Number of protein chains: 2
Amino acid sequence: MATESQKKATVSSTVEDYLKVVLKIEDMKQRASTSRVARHLDVADATVTDMLRKLKKAGLLEYKPYYGAALTPKGRRMAVRILRRHRLLEMFLHQVLGYGWEQVHQEAERLEHAVSDLFISRIDALLDFPAQDPHGETIPDARGFRQVEDDLCLAEAEPGSYSVRKVTNSDPEFLAYLDKVGLRPATRFCLQERTPFQGPLKLLPQSGREPVYLGLEASGSIFVLPLKDRPRAPESDPRAPASRMAGDHAGRSGDEKAG
Amino acid sequence: MATESQKKATVSSTVEDYLKVVLKIEDMKQRASTSRVARHLDVADATVTDMLRKLKKAGLLEYKPYYGAALTPKGRRMAVRILRRHRLLEMFLHQVLGYGWEQVHQEAERLEHAVSDLFISRIDALLDFPAQDPHGETIPDARGFRQVEDDLCLAEAEPGSYSVRKVTNSDPEFLAYLDKVGLRPATRFCLQERTPFQGPLKLLPQSGREPVYLGLEASGSIFVLPLKDRPRAPESDPRAPASRMAGDHAGRSGDEKAG
DNA sequence: GAACTTTATTAGACTGGTCTAAAAATGAAG
DNA sequence: CTTCATTTTTAGACCAGTCTAATAAAGTTC
């Protein structure tokens with residue numbers, strides 16, 4: 001019923017992964033260079049060179065040697081389709097099977113290649129056509145439309161009230177930490193002062209109450225406190241696990257290998 | 001939570017398919033010869049010879065050249081695990097996502113290799129630990145135990161009252177036909193006369209009402225009628241699609257390639 | 001038990017996806 | 001514009017899984 005009468009140019013899950021990565025890189029407004037793609041996929045550069053040429057030949061992307069790749073409309077459609085499947089599956093695992101938000105990514109990563117269109121359309125309906133996944137990422141609709149929002153990076157935010165728009169990191173440990181600490185999509189908090197922390201939180205400015213306090217250690221780690229416990233000055237805090245874990249991830253805040 | 005602390009000798013889905021087929025053949029009390037395995041998997045005999053030797057080396061089965069293969073305990077455990085996954089997934093697709101029983105097999109065939117143990121244990125709980133799949137096949141429990149029942153083949157059945165125990169055929173068209181006609185696991189019916197039909201129906205003698213009549217055309221096709229419409233003598237009937245479809249499948253009633 | 005048929009195995013090759021190591025192009029710095 | 005460092009591509013190889021064609025066991029018949 002769902003997606004009939006379309007040329008099913010079925011591709012391997014490997015190809016799907018390459019397209020997904022190129023889309024992700026393009027979304028970050030970076031050039032999809034051989035090495036960048038290789039880092040995301042954790043394969044050798046030479047492997048990527050080969051593959052990009054194959055994908056070019058298949059009409060899924062443009063590829064200029066020594067420069068990089070860019071999705072064609074066709075490649076983009078396929079990549080967005082996988083993105084949709086991934087996020088819908090994450091939502092399904094979270095809502096229907098009770099997975100923690102730190103558990104959904106890995107499973108969706110495999111399932112996105114294996115489930116049928118029927119499966120996807122059934123869980124879509126079951127979830128009542130959700131607009132976001134458990135991380136707050138927007139789910140492209142069945143036609144492949146995605147509303148791209150201008151999220152605010154934590155590092156760009158002026159002091160004020162915000163809510164967490166999305167968390168762009170899929171590391172289970174880190175997400176479990178955020179969860180423990182009560183920081184998830186839609187959580188509201190007060191940013192005390194500007195911070196250079198580049199972490200995976202994307203924010204939405206917000207007027208309203210501020211139930212949570214979010215601050216920054218000297219080391220660069222983030223920490224979160226109920227507002228009533230807010231310290232006078234946001235400096236060091238003997239919160240061992242929090243410091244450790246947040247620190248770990250703040251360190252790798254650039255881009256590669258984060259998802 | 002479910003299946004921790006066990007050596008995860010992860011194998012490819014291809015290997016899982018080979019093991020599954022050998023288990024299936026052994027369950028039919030046949031010798032898992034090279035060519036029989038090859039027919040089930042739809043690959044060349046030479047391919048199977050290679051693979052059986054690899055699987056022997058991996059300790060998953062015994063293999064005697066020019067004779068055939070037999071699962072080792074380890075191979076059997078793995079095969080039963082896949083069987084469990086397959087049937088649980090079928091039940092899940094049917095019950096939770098509303099798949100028709102003719103649709104579940106194909107999807108489960110892919111998913112059984114892709115989902116995690118967590119996924120399986122979650123759907124198991126969600127379905128309240130079902131004992132059978134939509135076709136009436138018994139689902140092995142989490143420890144790998146399976147109760148094997150002595151079902152009656154249609155061809156062995158004397159005239160009398162029965163209910164459908166299970167349908168061991170996964171052809172979507174055929175199953176859709178049986179469904180349309182109201183013949184599924186637990187359906188009760190009256191067998192009018194002994195039939196040489198070797199089809200995929202397994203029966204369980206049953207005392208009770210007989211709402212359905214199942215008979216045999218001269219050609220070997222089956223057909224079904226509500227009891228009140230039952231004809232005096234079970235002969236031809238101008239029910240075109242029924243005759244056609246059932247005939248198609250009764251023809252290939254032996255064993256190979258049926259599932 | 002010799003001849004023939006069937007079934008199984010070997011031999012050699014191909015594909016997709018990957019690797020390492022070496023060569024080449026690009027780009028940055030003097 | 002040369003030189004050096006970085007990035008990318010080429011060359012050659014490997015592995016898993018598959019195929020076809022040729023050969024060799026096993027089984028069947030007379």
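In what follows, chains carry the letters A, B, and so on, assigned in the order in which the sequence lines appear, proteins first and then strands, with residues in each chain numbered from 1. Note that the structure is a prediction, hence the values are computed from the model and not measured.
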Query raised in the report: Starting at CD of Gln30(A) and ending at C1' of dT7(D), how long is that distance when rounded to a whole Å?
Result: 16 Å
**Report entry** Nearest-angstrom distance from the residue atom CG of Leu52(B) to C1' of dA8(C)
**Finding:** 11 Å
Query - Rounded interatomic separation in angstrom, taking CZ from Arg39(A) and P from dT6(D) - result: 13 Å
Query - Arg36(B) side-chain N/O to dT7(C) phosphate OP1/OP2 under 4.0 Å - result: no
Are there any protein N/O atoms within less than 3.5 Å of an N/O atom in nucleotides 15-17 of chain C, and if so, which ones and at what distance?
residue: dG17(C); atom: OP1; partner: Ser12(A); partner atom: OG; Å: 2.7

Query raised in the report: For Asp45(B) and dA25(D), what is the distance between atoms CG and C1' respectively, to the nearest whole Å?
Result: 14 Å
Query raised in the report: Looking at Asp117(A) and Arg85(A), does any basic side-chain N land under 4.0 Å from a carboxylate oxygen?
Result: yes
Query - Whole-Å distance separating the CG atom of Asp50(B) from the P atom of dG12(C) - result: 14 Å
Report task. Please step through salt bridge (charged side-chain N to carboxylate O under 4.0 Å, His left out) for the pair Arg53(B) and Asp50(B), ending with a clear verdict. Result -> CA-CA 5 Å; Arg53(B) 265 187 307 174; Asp50(B) 279 8; 3.5 Å; yes
Query - salt_bridge(Asp17(B), Lys20(B)) N-O dist < 4.0 Å - result: yes
Requested in this report: Nearest whole angstrom, please: distance from the C1' of dA16(D) to the CD of Glu16(B).
Outcome: 15 Å
**Report entry** Short side-chain donor-acceptor distance under 3.5 Å, Asp133(B) and His86(B)
**Finding:** no
Requested in this report: Measure from the side chain of Val43(B), starting at C-beta and using heavy atoms only, and say which of dC19(D), dC19(C), dT8(D) lies closest.
Outcome: dC19(D)
Query raised in the report: Can a salt bridge be assigned to the pair Arg76(A) and Glu26(A) using a cut-off of 4.0 Å between side-chain N and carboxylate O?
Result: yes
Report task. Look at atom CD of Gln106(B) and say whether more than 12 heavy atoms of other residues, nucleotides or ligands are closer to it than 6.0 Å. Result -> no
Query raised in the report: Between Asp141(A) and Arg146(A), is there a side-chain N and carboxylate O pair less than 4.0 Å apart?
Result: no
Please tabulate, one pair per line, each protein N/O and nucleotide N/O from nucleotides 21-24 of chain C that are separated by under 3.5 Å, including the distance.
none

Query raised in the report: Who are the side chain to side chain donor-acceptor pair (under 3.5 Å) partners of Glu102(B), not counting sequence neighbours?
Result: none
**Report entry** Ser35(B), nearest nucleotide to its side chain (from dT20(C), dT8(D), dT7(C))
**Finding:** dT7(C)
Report summary line: Thr34(A) has its side chain closest, among dT8(D), dA8(C), dC19(C), to dT8(D)
Query - Steps toward salt bridge (charged side-chain N to carboxylate O under 4.0 Å, His left out) verdict (Arg39(A), Asp45(A)) - result: CA-CA 8 Å; Arg39(A) 273 197 299 278; Asp45(A) 289 6; over 6 Å; no
Report task. Measure the distance from CG on Leu41(A) to P on dT18(C) and round it to the nearest whole Å. Result -> 8 Å
